[in-house]
Each structure stands twice: as C-alpha cells, then as structure tokens.
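Side-chain atoms are counted along with the backbone in the values below, which use heavy atoms only and exclude waters and symmetry mates. Naming: A, B, ... by sequence-line order, numbering from 1 per chain.
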Amino acid sequence: MRDYNFKEFEKKWRKRWEESGIFRTPTRLPGGERGYYLLEMFPYPSGKLHMGHVRNYAIGDTLARFNRRNGKKILYPMGYDAMGLPAENAAIKNKVKPADWTKRCVSEMKKQQLSLGLSYDWERMINTSEPSYYRWNQWIFKRFYEKGLAYRKKGAINWCPSCRTTLANEQVEDGKCWRCGAAAEVQVKKQWYFRITKYADDLLEGLDGLKGWPRAVIQQQRNWIGRSRGAVIDFKIENTDRTIPVFTTRADTLFGATFLLISPEHPEAEEIARLGTSDPGEVKAFINRTVTTSVSERETRVKEGIPLGVKAVNPVNGRAVPVYLANFVFMEYGTGAIMSVPAHDQRDFEFARKYGLPVIEVIRGEQEKFDGSCAYEGEGKLVNSGEFDALDSAEARKKITGYLQEQGSGRSTVEYKLRDWLISRQRYWGTPIPVVYCEKCGPGAVPDDELPVKLPDDVEFTGRGNPLERSESFLSARCPECGAPARRETDTMDTFVDSSWYFMRYINPDSEDKPFDREDTDRWLPVDQYIGGIEHAVLHLLYSRFFTRALNELGLTGVKEPFGNLLCQGMVLKDGAKMSKSLGNTVDPQKIIDDYGADTARLFILFASPPEKDLDWSDEGLKGGYRFLRRLWALVSEEAEAESAGGDPDTELDGFINRTIMEVTGDIRDEFHFNTAIARIMELLNFLKKYPAGAPGRRKGVETAVSLIGPFAPHAASEMWQMLGQSGFLDEEPWPRYDKKVIMETEKVLEVPVTVNGRLRGTVEMPADAGKEAALKAARDDGKVKEFLEGKEIRKEIYVPGKIINFVVG
RNA sequence: GCCGAAGUGGCGGAACUGGCAGACGCGCACGGUUCAGGACCGUGUGGAUAACACCGUGUGGGUUCGAAUCCCACCUUCGGCACCA
C-alpha cells in the first residue's frame with residue numbers, strides 16, 4: 001500500500017487543476033441559461049489566513065465542486081478588499097508604501113488560499129486598490145452625483161484623533177474608534193454622503209422577498225432601517241409666528257405634553273432662545289458643552305437641559321408649555337424636537353422630576369396605569385383629553401392626527417432611523433473622490449475621460465493628518481468649467497464603497513469602457529449563494545443592496561437585489577473564546593495544512609459543526625478527520641489491488657450505497673449540513689469494511705465513497721479516484737445518482753419498536769406493509785412484550801406502520 | 001431594557017412533518033500488534049443497579065397512546081441594538 005503522502009498528491013492535483021483550466025467560468029451561456037453564481041465575501045488582505053477564512057472557503061468550495069458536478073455553470077471568483085487603514089498604518093510604522101505593502105499581502109494571502117486547493121476562477125481576481133478597479137468607484141460616484149445621490153453637507157461627525165479620520169456613527173464602538181480604539185471626538189466638517197435614505201422604503205420592502213436569507217439578518221436590517229409611523233405636530237411659539245415642529249409616534253398622548261425639548265444641535269436653537277428671556281451666553285455655553293462632548297461621555301451622561309424662556313402652544317388645547325434644550329434629544333432623528341409627555345415616557349418623566357415640571361396622566365391601561373412613581377408607556381384608554389376621552393390609543397392617534405391635519409397644525413408622517421451614508425474619509429489609502437474646487441465655479445466633477453484620479457506617489461506618512469493634503473502633485477488641478485487652477489478634493493471614499501459592487505465587477509473583470517456589462521449582470525445576478533460572516537449582517541449587505549438599486553435606476557443593471565441566498569457562518573472559537581492574539585489562543589491554518597494537509601483541515605472544519613453555528617476548534621477532533629481519510633485511503637488501496645470478484649452487490653449493500661448517496665446529496669443541497677453528510681460517508685466506510693476486498697459490489701461502494709467525499713477532500717479524493725483506475729478528473733465526473741427502488745428493497749422488512757404505555761419493551765421484525773392485525777399479533781407474541789401485557793387489560797392499541805406499536809394497558 | 005439565537009453524555013454534535021434519544025467523531029477503558037512509546041487494528045462506552053425495575057434532552061407545568069420536538073411560565077448563555085420620541 002502506498003503511503004498517504006498528502007504533501008505530494010495535494011501539490012500534484014493543484015497543478016493539474018491549474019493547467020487544465022477546468023474551473024474556469026463557462027464564458028458563453030447558451031441562450032436563456034442561467035449561470036450559478038457562488039460567492040464568498042472577499043477578504044481584507046491581511047497577509048495571514050485565519051480559521052474563519054478557512055471555514056468560509058471550505059463551505060464555498062464544497063458547494064462549488066458539488067454544484068459543478070451537478071451540471072451547474074459556476075462562477076466562483078476570489079478577490080481582495082485591499083483599501084483601508086492597515087496599509088496606511090504599516091506605511092507610518094515601517095516606511096513602506098501602502099501599494100507595495102498591499103501587493104505583498106495579497107500575494108501572501110493568495111499563496112495560502114492556493115494551498116487549500118480552492119476551485120476559484122483565478123483569472124477573474126480583482127484588487128480594489130488598483131486604479132483599474134477604483135476608477136469605476138469614481139465613475140459610479142459621478143453618476144450618483146449627477147442624480148443627486150451623492151452630495152455634500154455639513155454635520156457634526158465623529159473624529160478619531162489617533163487615525164485623524166472621520167468615523168461613521170456605526171464605526172464608533174463604545175465611544176471608541178472601531179479600528180484603533182482611541183476615544184472618538186466630535187467635529188463639524190463638510191462631508192460627502194450617499195443618499196441611501198431615498199431607498200429606505202424600498203430596502204425595507206425588498207426584505208420580504210429575500211426568502212433565502214437568515215431570519216435574524218432580515219430582522220437586523222429591518223431594525224436598522226427603523227421605519228416608524230407617527231406625526232409631526234406644530235407648536236406655535238407664544239406671541240410669534242414661528243412654529244416648532246415635533247415628531248412623535250404617540251399622538252394619542254398629546255394632551256399630556258407639558259414641555260418641549262429641542263436638540264442642542266438644532267440649527268434654530270439659538271434663534272429660538274433669543275425670542276425668550278434666557279441668557280444667550282448660558283444657552284451658548286450649554287450648546288457648546290453638549291455638542292462637543294465626546295461620544296463615550298454622551299452615552300453615559302445624565303439627562304440635562306436648559307430652559308429657553310420661551311413657551312409653545314399645544315395646538316390641541318391651547319396650553320402654553322415651556323421649551324428646553326436637552327442633551328438626550330437627537331437632531332438626526334425626526335425633527336430634532338420632541339413633545340414631552342412625562343406621564344407616559346420614562347425619559348421625559350425623569351426630566352420632569354429633575355426640573356419640577358408638571359405631569360398629566362392621559363392614558364389608562366386595562367391592567368396597569370400611571371401611578372406617579374414612573375411613566376406608564378403602554379397603550380390604553382384616553383383620559384384628561386377633552387373630546388378624545390375614552391378612545392383607545394390606536395384609534396386616538398388617528399383621530400387626533402386627523403384633527404390636527406384639518407387645523408393645519410399637524411400631519412401623519414413616517415420616520416426612519418436609517419441615515420445617509422457618510423463616505424468621506426480623511427485618509428490616503430482609499431478611492432479619491434473625483435471632484436475639484438474652483439474659486440470661481442465652486443465644486444465640479446472631474447470629466448470621465450480624466451478618470452481615474454490616481455493616488456499620488458509624492459507622499460509622506462507621518463501619522464498626522466491626511467497625506468493627500470500635503471501632496472502638491474495631487475492637489476493642483478484645473479477647473480473643468482473655466483480651466484482656472486483649482487484644488488482637488490482630498491477626501492477618499494469609505495472602503496464599503498468598494499465592496500458594494502465588487503460582485504458585479506467579477507462578472508466583467510477586464511471591462512475597460514464600463515464597470516460591467518448590463519446583460520451579463522442580468523444573466524449572473526442575483527448571486528445564487530453568498531457566504532460570509534454574520535458581522536456584516538447590516539452594513540455591507542445593506543450598502544450593497546442600496547448600490548444595486550441605485551445602479552438599477554441608472555439603467556446599468558436590470559437586477560435590484562444583489563444576493564438571492566445568504567449563508568452566515570458562525571465564528572471559529574478556541575476553548576469557547578474568540579481567537580485573538582491578545583488571548584494567545586490562535587490556531588494557524590498554515591501549520592495545520594503543513595502537518596495534516598489541506599484536505600484534513602477542510603474536512604474537519606466542516607465536520608465539527610453545522611456552518612451557521614459557532615465552532616470550537618479542537619486539535620483532537622482534527623486528528624479524527626485525518627484518521628478517516630487514511631482509513632478510506634487504505635480501503636481504496638486494498639480494493640484497487642484485489643482481484644475483483646465481479647458480480648452485483650447484495651441487496652443490503654446496494655441499499656446502503658444508494659441510501660448514502662441520497663442522504664449526502666440532501667444534506668449538502670438542502671441544508672448545508674456538511675457535518676452529517678460527512679458522517680454518512682464515514683458510515684459507508686465502516687459498512688464496507690465488513691466485506692472482504694474484492695467481494696461483489698464492494699468496489700462500487702468504494703468508488704461511491706470516494707466520489708462523495710470529493711467536494712470535501714478534493715485532493716485525496718482525486719488521487720484515490722485515480723488509484724481505482726479512473727483516468728478523468730473526479731471534478732468532471734457527474735455526481736452519483738441513487739435509485740429509490742433499490743433503497744425501498746431494503747426497507748421491505750423492518751424492525752418495529754413495541755412499547756407498552758410508551759415504554760420500549762421489544763422490537764419485532766415485520767414487512768413494511770404489514771396489516772394492523774398481523775402486526776399487533778406479532779407484537780403481542782414477542783416474549784418480553786407478552787410479559788408486560790400479562791394479566792392486564794389492553795385499553796388501546798396503536799400501530800403506525802413501519803414506525804411503532806404501542807399498547808395502552810390498565 | 002428591547003430584538004434575535006440557543007440550552008441534549010466527559011466533549012463537538014445527530015434525531016425527517018411528534019414515534020427505539022445520543023448517529024458520526026473525539027476522549028476514555030479493555031484486548032491485539034510493538035523491545036517500548038507512538039501509530040494502527042478490534043471490542044465496549046448516557047446515569048444508576050449484582051441484575052431487573054428505574055432515571056435521563058436547562059427548570060416547572062400542560063396537550064398526547066407517545067414530546068428533545070407542540071403550548072404556557074420561568075432560568076441560563078451567546079450575539080446585536082440602545083436615551084429613536
């Protein structure tokens with residue numbers, strides 16, 4: 001028997017696959033035929049593969065090889081999300097150019113991926129840091145700009161003093177920069193945004209059609225978009241013509257409003273204050289104090305406010321109520337002002353307590369009611385609400401809003417939590433925003449034929465500020481309108497822009513006159529199976545859905561949803577904890593591949609747990625996978641060397657083989673339960689070992705086992721396939737078929753469990769289609785069962801053919 | 001606090017629409033092989049018991065001839081979001 005020399009045969013097969021080009025994407029799909037697009041979230045090229053990657057790729061490649069052998073025309077590409085901060089940090093630390101550093105990391109990463117034997121079409125590889133890619137970011141940006149989907153606005157933004165860059169709200173974690181961990185500050189700057197909110201409703205409604213997405217992800221996106229129906233109500237400022245519009249979801253509590261609160265960021269805050277009796281200096285000080293508070297302090301800070309000395313009139317009852325600025329009211333949501341109903345909102349209640357403001361109960365619940373100790377936030381019947389008394393909350397919301405609408409002092413409206421996407425980054429290693437600023441003409445887009453605006457070379461990385469602001473060659477430009485000298489925009493784009501359409505670029509990776517071809521995207525998209533980590537449940541997936549809609553509206557593609565089916569894999573843990581350098585519990589995939597081979601690594605990571613669950617890495621378990629492959633190898637050797645006796649397998653063996661095919665196929669195709677699929681193949685191996693080498697039909701069983709393990713352990717399976725005398729590529733071999741009739745043949749006679757009062761007392765062999773009387777008689781005659789029935793009255797007899805017999809006795 | 005997911009042997013995990021709980025693997029034990037260790041092969045392995053009866057899927061109830069699976073209440077763990085009006 002030959003040794004299981006994985007180092008040798010894994011290399012051999014990777015070379016053959018590459019030379020033969022069997023994994024290249026079929027370029028021409030016959031008219032109308034749809035391809036099958038299989039995609040893994042492309043990695044940031046850190047240069048080092050970790051176990052999470054291995055799991056991601058093992059899942060993907062298994063599906064690729066499985067589907068290919070089932071006749072699908074597969075597009076299965078790989079590329080690199082290569083822009084972003086780490087390259088810049090490396091430049092600062094090691095005096096190496098981001099482009100060079102990234103190139104090295106990409107090739108290092110690719111080398112490790114190659115050693116896993118993944119069946120990508122490498123000819124379609126993309127790298128988002130290359131001008132040939134980011135050029136199209138700029139082109140798309142311009143199309144968005146022309147349509148009003150890209151725009152500039154001023155806003156209070158989060159600023160990382162360490163990275164000296166802007167952070168989106170969602171990139172601030174615990175008040176800290178999600179990348180470097182420095183405490184975030186607040187600054188006001190003019191920034192570029194994408195108008196994702198235009199699609200808020202469409203993005204929300206589209207979720208209903210995503211049947212192949214995990215429920216949890218749909219729910220998270222729904223919450224993130226955060227659509228809520230409510231009303232805007234205008235409160236007139238006493239003795240003036242000005243109004244303060246407030247947003248509320250609880251118009252039914254309007255009679256209980258005893259004060260208004262305005263966000264300190266509200267643009268009219270100071271103006272309104274001047275109308276009143278407050279000290280402008282104190283108001284200004286309050287605004288400055290709260291607006292510039294760092295995010296981390298803001299989250300923990302106590303409720304605080306300052307009266308503006310102004311009263312606003314409740315349009316429904318004419319009551320004048322005081323107006324405050326309050327630090328817990330957000331400008332980004334609603335109108336930046338709220339009506340406070342302390343009896344029915346806990347935050348308002350606390351505020352009212354602190355500043356001695358009145359509390360009026362207007363909602364009385366069926367069970368509970370406002371008792372003065374805390375707010376009652378539930379629904380109920382209205383009280384103290386004039387003509388609306390006794391109405392239910394839901395009904396009252398409609399009636400009160402309708403009344404306001406008639407009076408012209410309110411209207412029903414819909415609000416979203418979703419905010420426009422801030423894409424500006426004050427960084428070097430990103431796509432330059434293709435805009436120049438002219439003294440005379442203002443901002444103007446760079447003409448298409450001047451794209452790409454390339455990142456300059458004459459830059460220094462000091463760790464302070466944005467290097468682009470100091471690059472003369474980059475800064476100086478000409479105004480596209482008047483030709484006068486102009487200054488180039490130094491903001492670059494968020495890297496989420498790159499990943500929002502990369503799956504389209506894979507379809508036409510070399511296209512030079514457009515980012516991708518419309519007809520080709522229609523043929524390949526939506527992605528048939530997308531695989532990636534749950535951590536991208538909101539941002540990346542939502543941005544991609546937005547991009548696809550925007551590109552659709554621009555007429556660039558016919559599709560609206562990018563990803564048809566989504567599989568979110570769980571994390572790879574070690575001893576129950578996330579692998580991390582600080583915990584010192586990392587497992588290096590390269591070491592595993594070197595010691596046991598790629599096949600073992602892939603096989604074990606799929607065997608240890610179903611893909612959507614977290615997986616606790618175990619070196620011991622890994623050895624089990626290795627052992628299995630070697631036992632199969634030994635069986636194949638033995639069978640290959642044996643004189644085959646020829647002949648057909650016996651019924652039992654034939655049934656076992658067919659059933660294994662059926663179950664493995666179902667486990668992979670319908671459920672992605674690779675762990676049970678592999679277990680079935682292990683069972684087949686154990687079963688085959690009961691027969692001597694060369695026994696009739698044993699060879700067929702061995703061939704089936706090798707064929708079925710192919711997608712999981714492609715190198716070893718290919719080698720064993722050859723040992724069995726096959727000359728073609730296993731990956732070009734059709735997936736094994738099973739015959740249901742053969743399986744049924746083995747299920748003619750079954751062991752049926754017999755229970756008495758629900759407790760197992762014996763099993764009886766009988767034909768699958770045995771009649772009730774015959775079955776019950778056989779069961780009653782069973783020795784053990786008889787004992788338990790002795791002297792008892794049988795009250796009921798249950799017979800489920802092939803499943804169970806149960807006697808109920810008194 | 002809200003939303004989402006999950007609780008099954010010493011461990012990872014199986015169990016189709018309610019029908020023999022613990023497939024498969026790890027670990028462990030015993031035996032074989034080996035100078036020895038490792039590797040490999042074989043057998044066994046939920047708990048308790050001398051054996052049977054018995055007890056067992058987070059806890060407590062319920063529905064059912066029959067519940068890991070369905071219903072109600074609760075507990076725990078993990079993940080996400082959080083002054084969103």
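- Per the geometry, CD belonging to A:Glu612 stands 11 Å off P belonging to B:G13, to the nearest Å.
- A salt bridge links A:Glu638 to A:Arg698: one of the charged nitrogens lies within less than 4.0 Å of a carboxylate oxygen.
- Annotation: B:G56 and B:C2 have their P atoms spaced 34 Å apart (nearest Å).
- Residue A:Ala608 places its side chain closer to B:G12 than to any other of B:C40, B:G12, B:A85.
- Here the straight-line distance linking atom CE of A:Met331 with atom CD1 of A:Ile262 works out to 9.5 Å at 0.5 Å rounding.
- Without hydrogens or angle criteria, A:Ser409 side chain to A:Asp234 main chain gives no donor-acceptor distance under 3.5 Å.
- Atoms OH and CD1, from A:Tyr324 and A:Ile306 in turn, are 10.0 Å apart once rounded to the nearest 0.5 Å.
- Of the possible polar contacts, none joining the A:Thr401 side chain to the A:Ala231 backbone as a donor-acceptor pair under 3.5 Å is found.
- Base-pairing analysis of RNA chain B finds the following stems of at least three consecutive Watson-Crick or G-U pairs, with both pairing distances under 3.5 Å: B:1-7 with B:75-81, B:10-12 with B:24-26, B:27-32 with B:40-45, B:58-62 with B:70-74.
- When the C1' atom is used for both B:G66 and B:A21, the distance is 14 Å, rounded to whole Å.
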Practice task
Dump the intermediate steps for side chain to side chain contact (heavy atoms under 4.5 Å, CB included) on A:Asn314 and A:Phe255, then the final yes or no.
Solution key: CA-CA 8 Å; A:Asn314 187 333; A:Phe255 283 83; 5.8 Å; no
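- Heavy-atom distances to RNA chain B give each of A:Glu671 and A:Thr755 a nearest nucleotide, and the one nearer the 5′ end belongs to A:Glu671.
- The C1' atoms of B:U33 and B:U43 are separated by 15 Å, rounded to the nearest whole Å.
- Look at CZ on A:Arg347: it is 7 Å from P on B:A85, rounded to the nearest Å.
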Exercise for the section: Show the numbers, then the answer: is there a side chain to side chain contact (heavy atoms under 4.5 Å, CB included) between A:Leu382 and A:Ile363? Expected result: CA-CA 5 Å; A:Leu382 270 65; A:Ile363 304 290; 3.6 Å; yes
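- Residue-environment remark: NZ (A:Lys740) stays at or below the threshold of 12 foreign heavy atoms within 6.0 Å.
- In this entry the base of B:G9 is syn relative to its sugar, with a glycosidic angle within 90° of 0.
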Are there any protein N/O atoms within less than 3.5 Å of an N/O atom in nucleotides 54-58 of chain B, and if so, which ones and at what distance?
unit_1	atom_1	unit_2	atom_2	d
B:C54	OP1	A:Arg761	NH2	3.2
B:C54	OP2	A:Arg761	NH1	3.4
B:C55	OP2	A:Arg759	NH1	2.8

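- For B:G38 and B:G27, the P atoms lie 12 Å apart once the distance is rounded to whole Å.
- The A:Arg630 side chain lies nearest to B:A39 when the options are B:A39, B:G80, B:A85.
- In this structure, A:Leu685 places its CG atom 14 Å from P of B:C40, rounding to the nearest Å.
- Using a 4.0 Å cut-off between charged side-chain N and carboxylate O, A:Lys623 and A:Asp595 make no salt bridge.
- With salt bridges taken as basic N to acidic carboxylate O contacts below 4.0 Å, none links A:Asp614 and A:Arg55.
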Fill in the blank from the handout: Letter by letter from the 5' end, nucleotides 22-33 of chain B scores (B base, S sugar-phosphate only, - none; protein heavy atoms under 4.0 Å) -BBSSS------
Handout entry: CA sep, side-chain torsions, deciding dist, call: A:Phe6, A:Tyr626, side chain to side chain contact (heavy atoms under 4.5 Å, CB included)
Key = CA-CA 11 Å; A:Phe6 63 84; A:Tyr626 187 60; 3.9 Å; yes
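- The neighbour count for A:Glu652 CD, taken as heavy atoms of other residues, nucleotides or ligands under 6.0 Å away, does not exceed 12.
- Taking atom P on both B:U69 and B:C20, the two are 14 Å apart, rounded to the nearest angstrom.
- For the pair A:Glu683 and A:Arg659, the salt-bridge criterion is not met [side-chain N within less than 4.0 Å of a carboxylate O].
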Problem - Residues A:Tyr416, A:Asp201; criterion side chain to side chain contact (heavy atoms under 4.5 Å, CB included); working and verdict - result: CA-CA 9 Å; A:Tyr416 302 88; A:Asp201 266 323; 2.5 Å; yes
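- The listed nucleotides are B:C20, B:G19, B:C84; the one nearest the side chain of A:Leu760 is B:C20.
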Interface polar pairs with nucleotides 63-65 of chain B, N/O, under 3.5 angstrom:
unit_1	atom_1	unit_2	atom_2	d
B:C65	OP1	A:Lys796	NZ	3.3
B:C65	O2'	A:Asn806	ND2	3.1
B:C65	O2	A:Asn806	ND2	2.7

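- Comparing B:U17 with B:A68, their C1' atoms are spaced 16 Å from each other, to the whole Å.
- In this structure, the CE atom of A:Met331 is 17 Å from the P atom of B:C83, given to the nearest Å.
- Partners of A:Glu641 by side-chain contact (heavy atoms from CB on, under 4.5 Å), not counting sequence neighbours, listed by chain and number: A:Ser637.
- A gap of 34 Å separates the C1' atoms of B:C65 and B:U76, to the nearest Å.
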Listing time: all N or O pairs from protein to nucleotides 3-10 of chain B that are below 3.5 Å?
unit_1	atom_1	unit_2	atom_2	d
B:A5	OP1	A:Arg215	NH2	2.5

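- Side-chain atoms of A:Asn658 never come within 3.5 Å of backbone atoms of A:Tyr738 as a donor-acceptor pair (strictly under, hydrogens ignored).
- Look at the C1' atom in both B:G13 and B:G19: the space between them is 22 Å, to the nearest Å.
- With rounding to whole Å, A:Leu615 atom CG is found 17 Å from B:C11 atom P.
- Judged by distance alone, with hydrogens and angles left aside, the side-chain atoms of A:His344 form no donor-acceptor pair with the main-chain N or O of A:Thr253 at under 3.5 Å.
- Among the nucleotides B:A85, B:G13, B:C20, the one closest to any side-chain atom of A:Pro753 is B:C20.
- With rounding to whole Å, A:Arg397 atom CZ is found 12 Å from B:A85 atom P.
- Summarising the geometry, the separation between OH on A:Tyr626 and P on B:A39 is reported as 12 Å, rounded to the nearest angstrom.
- Here B:G66 presents its P atom at 16 Å from CD of A:Glu797, a figure rounded to the nearest Å.
- Checked against a 6.0 Å centroid threshold, the rings of A:Tyr596 and A:Phe604 do not count as neighbours.
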